[in-house]
Every structure is written in structure tokens, then in C-alpha cells.
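The structure under discussion appears below in the form of C-alpha cells.
We name chains A, B, ... by the order of the sequence lines, and we start the count at 1 in each one.
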Protein chains: 2
Amino acid sequence: MDCLLKEAVLDRMEDFTVTERKAAHALLSNYPILGLGTVAQFADAAGVSSPTILRFVARLGFPGFSDFQTRLRQELETQLRSPLDRSSHLPNQTAGDPLVERIVENVRETFAGLPKGELDSLVRLLADERRVIHLIGGRFTDALARYMAAHLRIVRPNVNHVAGQEGNWLDQLIGMGSKDVVIIFDIRRYQSELIEFARSAAAQGATIVLVTDTWMSPIVKVADHVLPARIAVPSPWDSATALLALSEVLIAGVTQHNPDRSHARMKALEGLRNDRDPISKSRRGTPDI
Amino acid sequence: MDCLLKEAVLDRMEDFTVTERKAAHALLSNYPILGLGTVAQFADAAGVSSPTILRFVARLGFPGFSDFQTRLRQELETQLRSPLDRSSHLPNQTAGDPLVERIVENVRETFAGLPKGELDSLVRLLADERRVIHLIGGRFTDALARYMAAHLRIVRPNVNHVAGQEGNWLDQLIGMGSKDVVIIFDIRRYQSELIEFARSAAAQGATIVLVTDTWMSPIVKVADHVLPARIAVPSPWDSATALLALSEVLIAGVTQHNPDRSHARMKALEGLRNDRDPISKSRRGTPDI
DNA sequence: GCAAGTCTGTACTTTTTATTACAGAATTGC
DNA sequence: GCAATTCTGTAATAAAAAGTACAGACTTGC
């Protein structure tokens, strides 16, 4: 066994047909367990038919499925026998790219560095549907605000993405009060207009939630909740991945804070929209402005 | 799975008959691989007959040998999935939220599961400024397209975010040809309009880059490059974090593929825009449509 | 736009594998 | 040391899974 079967699969990905590639990815996503069951289970997990699985292993050079399984078991055996150099084989193919390593580390550390209970209290705040939630971001981070708004809007009412020209923002400020929550994504280089917006909203009594980097946007001064995330990576750019992860945890939290309401709304919207999963007709939801 | 099967075997060693104990020891000495083959192999390795193996697993409380195997596979899966808490005896920090753990793991595995060289060749493709790059995404993933476009636009010319109403998309399709690259973000539930868009673009000769989940959008059929990412998390929603990480790696790659050009453009744009770092006057860049 | 070729799933056959019945061997208790 | 009981393997059976042939769907090339 010179090298892991996993790598052979990756290398030869080109050679596979479309469905075989599905099989390959299914296997890689649950390697090597998926290959240790029956052909039918494998096929099912990959969403293809049994013969495709057989063709897949045949293309990998195995005379039969059993030979393939034997090989997987052998690999597993040698790996489990030497738990030490497993680290060099299994999880860390990623070791190559320091950028990836750093992104992963950033996400982990972001959550590790979060004040305890901060997430919980925020979820409670955002799950309160009497509140009106406004989301806004900077040049790059506005995409995050948009992403979060798209989800929150589904599980609860009164979600507003503050978008468009700077001038329009002012309109949104009118009538803001203590019932309003403003979620601001702002990482360096902090934009003065965002600061202005935050100040004005705070002045009118709105609750300010700031998602920022560890250097902290000046908005902290007027913020009620602050989530600092790691953004530094070995690249000319900053990484927003940890910010997105934070958003997703919040979204999941709000969704499950009131599962019934969320589910009901999701169902209702699914009815309105004729989305399709694999097949059917549909119309795209209006992109939010 | 309250406790490892291994321990159950040790506990109940007393209850076994002589040959069953042989089976038990054979299993423990090559746990769990020995249990993953056939009954005959197991029997052979233990130096007993097949029925003894069957009686052994029956005594452990399994209705059949397959149930026993399923259990072993499940154990193995949970162990391999969380390479982190394998070192659970060491001081464990982040152990808190399984959602966070999974997100982190997804990012790592996404890169581990990428065909070798795929990222490199993609970076080369995207760094070619004679190409025109179009980005588009689905209901949630459009935010990612937007994020990536915002960055790419800075380091190279000819970047276009396909946004707005579905009808407008058609306009963008006009005149697309072999010089065009279309980056599509599409995770389940795949949207039929995106598929249409991809098909049309491909039909006109455009190069299709698909960023999707491991189940693979139907767009793979017309795609020239496919980046599958892990999106499954213990939440009603899917996680786009790994997709964002992919985007950031691509962005960084393109930026550094031609550092001089990138730097020059960044400087030039900084001149045009009066952004401020901590202090100065500014005007917000026009949000892209 | 059509034909040749490739891919993919359904339905079937063959083989393997799990399971069971039973009889002989071993063990235990007296 | 003998009988009752338990244990164990052989051999037959039933279940399943692997493997195959083929036809329809889809691509690809001209």
C-alpha cells in the first residue's frame, strides 16, 4: 500500500464519468466507512445506482467490490495500528496551504474568544419578533449582512437589509427607536458612513449589534453587543469566513429558539415560492434591495 | 451510542463460552476491522467456526451479523469524523458547540477533498484578464458571488456580478462566448433558473466554474471546473462557510498570481475612493447592482 | 441536425454470505 | 465413571448481495 486510496480517487477524478464522480465524492465525504458497507448502501448514499458503484471501483482497478473493500480494511488497519503517524496521513492533507490552515484556525479561535453567554443573549434578542431587525455592512461585509438577512427573513418577520446608496440609508433611520435592532458588520478599514449610521441609530434608542474584527471598529462605543472575529490571514486581504460562521450560528440559534414558528414560516414560504428540489418549475425570489 | 462496543465485550467476557472468548479476543486485537469483513473471515481469524461468531454477536445483543457491522461502522464514523476529540483526554477547549465544530471540520474537509491542482488551474483561469468573469449565485449563495465579485473587481478588470431580477440575466447572456467565464454558486436546493443560465452560457461557449455542495448541482454536466464543498451541519440550514473559504482562497490566489497588477489597481482605486482607515473623509463605493 | 458512441439505470442471474438444524464432542455434576 | 447438559462444528438452507445484459437516454462529433 504505497499511497492512500483516497488520493488515487482524487488524482483520477478527471477520468470518472459524472455519476462516478458522485460516487467518488460520496466516498470521500465519508471515507472509508461508506466503502465498507454493501454496494446498495454506497449507491444510495451517492444517489446513483448499484452498477455505477461497481463501475466506479472497476475503474479504480479492482476486479470486484470485495477486493475494493479488502483494500479499504487494510488501509484502515495500518492506520489504526499506528495512531501516531495517522495525523500525517488522515486529516492533514490540508497542511499544504497555510492560508487554509489559518482560516480554519480563525474560525475556531473566534468562537473560543467569545464572551460566554454573549451568543445566547443575542439569539434571544434576535428571536424576539416584536423587534425590527436591520442589517448593514461595509464594502465587502455587506454580502454577509445580505446573507444573514436572507435567512432571518425566513424564520421571522420584520427583517430589513439596509442596502443601496448611502443616501437611502438616511430614510431607514427615520422612525428608528428602542424597538429596533441594528446589526452592523464592520471590519477594517472601517467606513465612516457606517459609523455615522450606527451613531444616529444609537442616538434614537436602537439596540446596536456589532460584528467586527479583534481590533474593533470605533462603533464599539455605541454598541450594545459586540462579536469580535479573527480576520487576519497570510494574504493581502482579510478573511470574512469567521464572520460568516458567526452569522450562521446566530441564524441556527434563532431558528431553533422558536422551532415551530420557524418551521411554519419556512413551510408557508415554500408554498408561495415554487422552488424545486431536483425537478419542477420555479420563479426566483426577488433579490432584496 | 452510549459506550464503545469494545468495552461491552470486555465487560461481558465472563459470559462467553470458550470459543466465543476466542472470537472476542480476536476482535479486540484487531478492533474494529475484523468485524467489518465476512463472518467466515472473522471465524477464520479467531480459529473457530462461523456459527460461533454468530452466537458471539447474538450474545452481545445483536439480532444479526449485519446489525453488528452497522454498529461498528457507526462507531468508526463518529471517531473519524471528529479527529479532534480523539485527543479528548487532552485539555479540550472549544468542545462547546457541535455546530461550530462541524463548520470548522467542513472547511477543513472541503479543502482536503479537492482534486489536486484544481485550485491552481482555476486561479490561472481567473487571473487571465482577457477573460470576462461573471459571478452568480442562488437565493442564499448570491451573497457569496457578490463578495467574491467585490474583491476580484479590485485586482482585475472585467468582473461582472449577475444580479437583480431573473429577467435581467438574459441580457447578460447576450454576447457571451468563449472568452467568458461564469462562476456559479449553487447548493441544494438547486434552482432551475441557475441551471438554465448555466446551460445557456455553456451553449454559447463560456467556461463554467461551479461551486457547489458534495451532492453536486445538476450544473456539473455543463461545468468545466467543479469545486464541491461540505455544507451539512446540525441545523435546519446548510452552511456556506466552506464556500466562502473557497472563494477567499481563490481571491488570494488571483491577487498573488500577478501581485504587481493587483497592487497597482488597489492603489489606484484607493486614490479614487476617499476611504479612510481610522480618520478621513469618504464616500461609499457604489454598491454593485 | 443526425448518427455514432457513451453513459446510466432497470431487471435479471449468479455467487456469496448469513443463518439454521442437527449430530457429535466436550464438559460438568453427581 | 456415567448421564445430563452444554457447547461446537458440519452441512444444508435461505437470504442477500454482487455482478451482468441490455435498452433507453444522453453526448459528442461530423
Side-chain angles (χ1 to χ4, degrees), chain A residues 12-27 33-73 278-279, chain B residues 12-27 33-73 178 195-196 198-205 207-208 215-224 226:
Chain A
R12 308 200 39 194
M13 195 62 85
E14 310 285 313
D15 307 346
F16 300 141
T17 68
V18 182
T19 51
E20 283 167 8
R21 221 164 287 165
K22 280 192 193 177
H25 281 114
L27 175 63
I33 286 91
L34 192 56
L36 295 172
T38 69
V39 174
Q41 288 170 333
F42 192 160
D44 208 43
V48 300
S49 67
S50 302
T52 297
I53 299 300
L54 296 178
R55 285 188 281 260
F56 168 65
V57 300
R59 200 180 296 271
L60 283 172
F62 295 96
F65 190 74
S66 330
D67 306 271
F68 168 74
Q69 285 190 320
T70 303
R71 165 64 180 270
L72 284 180
R73 277 201 300 273
I279 287 169
Chain B
R12 308 199 40 192
M13 195 62 87
E14 310 287 310
D15 308 346
F16 300 140
T17 70
V18 182
T19 50
E20 282 167 8
R21 222 164 286 167
K22 280 192 196 178
H25 281 118
L27 175 62
I33 287 91
L34 193 56
L36 295 173
T38 69
V39 174
Q41 288 171 333
F42 193 162
D44 208 43
V48 300
S49 68
S50 301
T52 299
I53 301 300
L54 272 325
R55 283 188 281 261
F56 167 66
V57 301
R59 199 179 298 270
L60 283 172
F62 295 95
F65 190 73
S66 331
D67 306 272
F68 168 74
Q69 284 191 320
T70 303
R71 166 64 179 268
L72 284 180
R73 276 202 300 275
S178 60
I195 302 170
E196 284 313 301
R199 281 233 183 85
S200 309
Q204 297 186 60
T207 304
I208 308 291
W215 308 107
M216 300 262 187
S217 154
I219 296 176
V220 281
K221 289 176 192 161
V222 298
D224 300 280
V226 179

- Query: Of B:Lys22 and A:Asp67, whose closest DNA chain D nucleotide lies nearer the 5' terminus?
  - Reply: B:Lys22
- Which nucleotide, C:dT17, C:dA21, C:dC7, lies nearest any side-chain atom of B:Thr38? C:dT17
- Could you state the CZ-C1' distance from B:Phe56 to C:dA18, rounded to the nearest angstrom? 17 Å
- Query: Measuring from B:Leu72:CG to A:Ile33:CD1, what's the distance to the nearest 0.5 Å?
  - Reply: 11.0 Å
- Item | Protein-nucleotide distance (A:Gln69, atom CD; D:dA17, atom P), rounded to Å | 11 Å
- Message: I want to verify a distance call: between C:dT19, C:dT10, D:dT8, whose nearest atom is closest to the A:Pro51 side chain?
- Response: C:dT10
- Query: Within this structure, what is the CZ-to-C1' distance between A:Phe65 and C:dT16, rounded to whole angstrom?
  - Reply: 14 Å
- Message: Counting only heavy atoms not in B:Arg199 (residues, nucleotides, ligands), do more than 12 fall under 6.0 Å from its CZ?
- Response: no
- Item | 5' priority, DNA chain C, between B:Ser66 and B:Arg55 [closest heavy atom] | B:Ser66
- Query: Looking at side-chain heavy atoms only, is the closest gap between A:Phe56 and A:Leu27 below 4.5 Å?
  - Reply: yes
- Give the nucleotide from the list C:dT8, C:dT19, C:dG9 with an atom nearest to the side chain of A:Val48. C:dG9
- To the nearest 0.5 angstrom, please state how far the CD atom of B:Glu20 sits from the CG atom of B:Leu54. 11.0 Å
- Message: Does C:dT8 have OP1 or OP2 under 4.0 Å away from a side-chain N or O of A:Ser49?
- Response: no
- Message: Is the phosphate of D:dG19 approached by A:Ser50 (side-chain N or O, under 4.0 Å from OP1 or OP2)?
- Response: no
- Message: Measuring to OP1 and OP2 of D:dT8, would you say a side-chain N or O of B:Thr17 lies under 4.0 angstrom away?
- Response: yes
- Distance, rounded to the nearest Å, where B:Ile53 contributes CD1 and C:dT17 contributes C1': 14 Å
- Item | Length of the line joining B:Glu20:CD and D:dG9:P, which is rounded to integer Å | 10 Å
- Item | Atom-to-atom span, CZ of B:Phe16 to C1' of D:dT6 - whole angstrom | 17 Å
- Message: So, taking the atom named OG1 in A:Thr70 and the one named CD in B:Gln41, what distance separates them when rounded to the nearest 0.5 Å?
- Response: 6.0 Å
- Item | Separation of D:dT6 C1' from B:Arg59 CZ (nearest whole Å) | 11 Å
- Task: Could you state the atom-to-atom distance from CZ of B:Arg199 to P of D:dC26 in whole Å?
- Result: 10 Å
